[in-house]
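Quick notes on the structure that follows.
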Amino acid sequence: MAEEVKKRVFSGVQPTGKVTLGNYLGAIRNWTPLQEAYDCLFCVVDLHSLTVAQVPAELRKNTLDLVALYIACGIDPSKSILFIQSHVSAHAELAWILDTVAYVGELNRMTQFKDKSRKHADNINMGLMNYPVLMASDILLYQAEYIPVGKDQVQHVELTRDIALRFNARYSDTFAIPECLLSKSGSSIKSLQDPTAKMSKSDVNDNAIISLTDDPDTIRRKLRRAVTDSDTDVNCVRMSADKPGVSNLLNIYTTCSGLSVAEAERQFEGKGYGVFKDAVADAVISVLQPIQSEQKRLLADKGYLEAVLKQGADKASRIAQKTLSKVYRKVGLIPKIN
Ligand code: TRP
């Protein structure tokens with residue numbers, strides 16, 4: 001029997017700011033099991049980061065930190081293609097072609113663009129508006145069919161589908177049409193200070209996020225300070241829409257410990273929030289500690305990381321170049337003779 005061709009998965013994280021527990025539980029952690037069933041590409045999207053002001057030396061450090069973190073979290077470079085976006089020039093090249101297919105109106109309507117324009121009112125650059133087209137290019141270059149992302153990226157994946165369908169209709173079938181793979185567990189981890197907002201790595205309040213690099217004392221302190229809810233039902237650990245703070249901590253706790261919500265609620269019956277928060281801290285620390293020490297070990301082994309990145313870029317380039325050549329030909333550009 002012919003070997004079944006695996007479907008392709010693509011995802012990426014920006015090397016900006018501190019990767020949070022939310023990024024880990026909601027995204028990276030859910031990627032590792034996909035490596036068996038799919039042909040996976042995991043990318044550190046450094047070009048996307050440039051849409052907000054970066055300190056060059058910090059961007060370099062954050063990029064390598066994130067590569068090491070991917071591996072420490074279980075991305076296996078012998079199973080998946082792990083690479084840095086800027087190492088494959090086809091991403092920027094395809095983005096230009098897709099720019100001629102995407103409409104200003106649809107980009108102008110993107111929620112993240114509107115949010116970021118508000119947040120960075122002094123730097124509403126073209127890249128910020130163009131961000132989703134570069135993301136479409138990331139995905140379409142590899143003919144990826146499944147895109148594991150958080151809810152906030154669904155709109156961008158839908159735009160990617162629209163662009164792909166439009167291109168296919170105009171120039172004949174070229175791109176696979178991708179769809180989101182929304183994770184069930186660990187999704188939508190909220191801010192510890194405002195549990196109605198997502199835990200975001202760009203949050204200015206450091207107490208609102210748990211960073212993957214926080215040490216145990218810091219994790220415990222932040223969780224002790226996490227807002228709980230001032231309802232009449234105090235010290236009651238229960239998942240409920242009117243208890244967003246406690247519900248968020250329960251979500252973190254169950255995702256880290258593997259217990260069900262019902263089991264966790266039973267465990268803390270009649271116990272105060274103090275006991276509960278310490279248990280959440282223990283669960284988070286026991287998940288993060290092994291990742292942190294593995295990341296540290298990897299960062300000390302520059303030769304290994306370089307070899308992984310070279311191999312990843314080579315493999316990704318080969319696939320990307322195939323799509324890009326096809327696109328160039330279809331839109332009417334004359335192929336270069338090598
Ligand atoms: N925009 C994504 C985010 O901020 C990151 C990203 C860039 C991405 N390109 C991608 C995610 C392609 C999935 C597929 O989370």
Side-chain angles (χ1 to χ4, degrees), residues 7-31 34 38-52 54 59 62-63 66-67 69-70 75 80-88 90-92 94-95 98 102 107 110-116 119-120 127-164 175-183 186-189 198-203 209 212 312 316 319-320 323:
K7 300 223 175 192
R8 200 162 273 155
V9 162
F10 185 101
S11 200
V13 172
Q14 293 188 60
T16 333
K18 293 177 176 166
V19 177
T20 70
L21 184 67
N23 298 122
Y24 173 65
L25 296 179
I28 306 173
R29 194 173 83 137
N30 301 309
W31 295 354
L34 300 173
Y38 300 104
D39 197 4
C40 296
L41 292 110
F42 297 115
C43 186
V44 174
V45 291
D46 54 349
L47 296 174
H48 276 104
S49 297
L50 297 174
T51 55
V52 301
Q54 299 292 329
L59 178 59
N62 287 339
T63 300
L66 188 52
V67 170
L69 186 69
Y70 276 12
I75 302 300
S80 300
I81 300 180
L82 193 172
F83 72 109
I84 294 176
Q85 186 185 33
S86 64
H87 287 183
V88 179
H91 289 247
L94 180 61
L98 298 181
L107 290 171
M110 292 289 116
T111 314
Q112 190 172 58
F113 172 59
K114 289 193 268 187
D115 283 353
K116 287 196 178 173
K119 248 190 237 161
H120 307 280
L128 200 58
M129 187 172 189
N130 212 17
Y131 179 111
V133 180
L134 181 59
M135 179 163 161
S137 163
D138 298 339
I139 294 169
L140 299 179
L141 267 180
Y142 301 98
Q143 310 288 349
E145 283 170 275
Y146 296 116
I147 316 300
V149 282
K151 282 199 196 90
D152 65 315
Q153 294 300 314
V154 170
Q155 197 182 36
H156 290 164
V157 176
E158 279 166 2
L159 178 78
T160 302
R161 291 169 63 91
D162 291 343
I163 292 175
F175 296 124
I177 308 303
E179 58 187 271
C180 289
L181 212 56
L182 283 171
S183 62
S187 59
S188 47
I189 302 289
K198 162 182 156 178
M199 183 183 283
S200 161
K201 53 184 167 179
S202 51
D203 204 313
I209 63 171
L212 287 205
I319 305 171
T323 304

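Just so you know, ligand 1 is whichever comes first in the structure, and atom 1 is the first atom listed for that ligand. Since the structure is predicted, the reported quantities are computational estimates derived from the model, not experimental observations.
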Is the ring pair His91/Tyr142 parallel, tilted or perpendicular, if the boundaries are 30 and 60 degrees?
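Tilted.
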Does an N or O anywhere in Ser11 fall below 3.5 Å from an N or O of ligand 1?
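No, Ser11 has no N/O under 3.5 Å of an N/O on ligand 1.
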His156 N/O to ligand 1 N/O under 3.5 Å:
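Between His156 and ligand 1 (N or O atoms, distance only) the closest approach is not under 3.5 Å.
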Closest protein heavy atom (residue, atom, distance) for [atom]:
atom                    : value
atom 4 (O) of ligand 1  : Tyr131 OH, 3.0 Å
atom 9 (N) of ligand 1  : Asp138 OD2, 2.7 Å
atom 12 (C) of ligand 1 : Phe10 CE2, 3.5 Å
atom 5 (C) of ligand 1  : Gly12 O, 3.5 Å

Could you tell me, atom by atom, which parts of ligand 1 come under 4.0 Å of a heavy atom of [X]?
X      : answer
Ile147 : 13 (C), 14 (C)
Val45  : 7 (C), 9 (N)
Gln14  : 4 (O)
Val149 : 11 (C), 13 (C)

Can a donor-acceptor pair be found, under 3.5 Å and without considering hydrogens, that links the side chain of [X] to the backbone of [Y]?
X      : Y      : answer
Asp203 : Ser200 : no
Ser80  : Leu82  : no
Thr63  : Pro15  : no

Testing Val9, Thr160, Ile139, Leu181 one by one against Ile147 for a side-chain contact (heavy atoms from CB on, under 4.5 Å), which residue passes?
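Only one of Val9, Thr160, Ile139, Leu181 forms a side-chain contact (heavy atoms from CB on, under 4.5 Å) with Ile147, namely Ile139.
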Location of contacts on Asp152 toward ligand 1, heavy atoms closer than 4.0 Å:
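Neither; no heavy atom under 4.0 Å.
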Under 4.0 Å, heavy atoms only, figure out whether ligand 1 is touched by the backbone of Ile139, its side chain, both or neither.
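For Ile139, only side-chain atoms sit under 4.0 Å from ligand 1.
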Rounded to the nearest 0.5 Å, how far apart are CG of Asn62 and OG of Ser49?
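With rounding to 0.5 Å, CG (Asn62) is 8.0 Å from OG (Ser49).
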Tyr146 pairs by ring-ring contact (aromatic ring centres under 6.0 Å, His included) with which of Phe10, Trp31, Tyr38?
Tyr38
Locate the shortest heavy-atom distance separating Leu94 from Ser137; write the atom from each residue and the value.
CB-OG, 3.4 Å
